[in-house]
Amino acid sequence: MSHMPAPRQGPARRHDPLPPADDPLNGPLTPPEPAPQPPAQPAPVARPQARPDAQTPTPTPRRAAPAPAQPVAGPEGPERPSWADEPAPEPEVPRFVSATDFLERRTESAGYGPPTWGWRGRVHRWSGGTISPQMGSEEKQHARDRAAIQRAFDGPRTIVFLNPKGGAAKTTSVLVAGYTFGTIRGGGVVAWDNNETRGTLGIRGHRSGHGNTTRELLEDLDRFNDVYQARIGDLGAFVRAQGDAHFDVLASDERPDVTGTIKATDFTAVHQLLERFYRLILVDTGNNMRAENWLAAAETADLLVVTTTVREDTGYSGLWMLDALQDAGYQDLKHKTITVMSEPSSHVDEQLAQDMADVYEQRTKAVFRVPYDPALVPGSVIPYEQLTDDTRMAWVRACAAMAGQL
């Protein structure tokens with residue numbers, strides 16, 4: 001057996017030296033990062049071998065996931081999403097305080113004046129104003145009520161006083177409301193007797209130097225057709241000034257020889273004339289709900305006032321009227337109506353008064369109870385200066401609520 005000679009081993013080869021780590025030409029400044037290794041594959045899970053006699057189940061096909069909605073292609077290309085058409089919100093510009101804002105803030109911060117009622121008012125007067133306690137709660141409420149009555153309207157307003165029964169204090173309520181509004185607002189108020197025949201508003205108010213009424217005004221209505229030439233002073237020949245009460249009265253027909261009644265067209269003509277010269281019109285009505293002028297007044301009113309006394313018959317009459325108006329199609333009666341309930345004597349049935357108040361509170365916006373006042377009993381010209389403080393306060397509260405609804 002021959003042996004092949006082993007190859008000669010040459011001299012050991014010398015390796016070239018590595019470039020230094022900081023050589024900018026031949027090597028990187030930092031050692032190279034190791035190459036990323038592929039993620040480790042999970043070990044296969046051993047599956048049990050199916051038996052020869054076992055049947056292989058048929059796999060249930062999966063439902064394909066719905067494709068995302070694609071924009072609908074329009075004539076000019078795919079439709080853009082709705083949010084793409086919305087303009088970018090404009091930056092909010094800060095609002096600075098205006099001159100009007102400044103005055104309103106000053107008015108709101110003015111607060112109440114010095115007290116005049118009770119011990120607080122006496123302390124303020126006796127100390128010459130050096131000691132000035134705050135107003136009491138009742139005096140503050142009275143000040144708020146006066147401010148409500150004095151509020152400005154954006155046009156003339158009409159309040160109609162209703163109850164189809166005589167003796168329900170309609171005329172008395174109109175006159176005392178006229179006195180309250182007139183003295184606190186400073187004028188611009190008229191009380192109008194819209195009776196279809198003859199009412200008593202003219203004889204319960206102060207007489208004037210003339211005896212003209214609504215009938216004479218209708219006969220001479222043409223003189224007021226020219227809105228540029230007609231003056232409120234010309235209307236003074238038909239209305240009756242109430243002196244310190246600061247309101248006027250337009251009486252109903254007082255001539256015994258006149259036949260006929262006031263129609264709906266007559267009411268409309270007179271009402272449009274009064275709206276030109278007065279800010280607030282208080283309308284006294286008759287007892288006939290089927291009269292044309294009665295229905296026209298109810299239709300025109302900005303506010304209805306149901307007057308009643310603490311009596312079962314007048315209370316029933318007012319509720320019957322509300323039922324009739326609702327059946328006739330008058331909408332939102334509850335929020336358009338206020339009840340004034342007057343005490344006819346110094347002694348009233350408190351249970352009846354409470355029952356009436358509960359029922360009327362369900363049918364109208366609010367109920368105001370006016371106490372008995374001897375100055376209103378005789379049925380003559382009302383002496384406003386003789387009204388009791390309780391009567392005045394009750395009517396201020398009622399008129400403030402009326403003004404608040406206008």
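Residue-environment remark: CD (E312) stays at or below the threshold of 12 foreign heavy atoms within 6.0 Å. Atom CZ of R279 is surrounded by 12 or fewer heavy atoms from other residues, nucleotides or ligands within 6.0 Å. Applying the 6.0 Å contact sphere to CG of D226 captures more than 12 heavy atoms from other residues, nucleotides or ligands. Within 6.0 Å of OH in Y316 there are 12 or fewer heavy atoms belonging to other residues, nucleotides or ligands. Counting non-hydrogen atoms of other residues, nucleotides and ligands closer than 6.0 Å to CD of Q134 gives a total of 12 or fewer. Shown here is R311, whose CZ atom has no more than 12 heavy atoms of other residues, nucleotides or ligands within 6.0 Å. Counting heavy atoms of neighbouring residues, nucleotides and ligands inside a 6.0 Å radius, atom CG of D327 exceeds 12 of them.
Here the side chains of V306 and R363 are not in contact, with every heavy-atom distance at 4.5 Å or above. A 4.5 Å side-chain heavy-atom check between V305 and L162 finds every atom pair outside the cut-off. The shortest distance between side-chain heavy atoms of N225 and Q229 does not fall below 4.5 Å. Looking at heavy atoms from C-beta onward, Y330 lies in side-chain contact with L333 at the 4.5 angstrom threshold. With contacts defined as side-chain heavy-atom distances shorter than 4.5 Å, the pair Q326/L322 does not qualify. A 4.5 Å side-chain heavy-atom check between H124 and I131 finds every atom pair outside the cut-off. When side chains are defined from C-beta on, P344 counts as touching V348, because their heavy atoms get closer than 4.5 Å. T285 has its side chain within reach of V160: a pair of non-hydrogen atoms, C-beta onward, lies under 4.5 Å apart.
Remark: the T364 side chain and the T339 side chain contain an N/O donor-acceptor pair separated by less than 3.5 Å. Between the side chains of T300 and H271, no donor-acceptor pair of N or O atoms lies under 3.5 Å. D248 and Y278 share a side-chain donor-acceptor pair at under 3.5 Å. Side-chain contact, T388 with T391: a donor N or O sits under 3.5 Å from an acceptor N or O. Donor-acceptor pairing under 3.5 Å is lacking for the side chains of N195 and S252. Donor-acceptor pairing under 3.5 Å is lacking for the side chains of N163 and T307.
Taking a cutoff of 4.0 Å between a charged side-chain nitrogen and a carboxylate oxygen, D266 and K263 do not qualify as a salt bridge. Between R157 and D154 a salt bridge is recorded (basic side-chain N to carboxylate O distance below 4.0 Å). Salt bridge annotation for E350-R369: present, with a cationic side-chain nitrogen under 4.0 angstrom from a carboxylate oxygen.
Classification of the W192-F267 ring pair by plane angle, with boundaries at 30° and 60°, yields parallel. Taking the six-membered ring for Trp and thresholds of 30 and 60 degrees, F277 and F224 have ring planes more than 60 degrees apart, a perpendicular arrangement.
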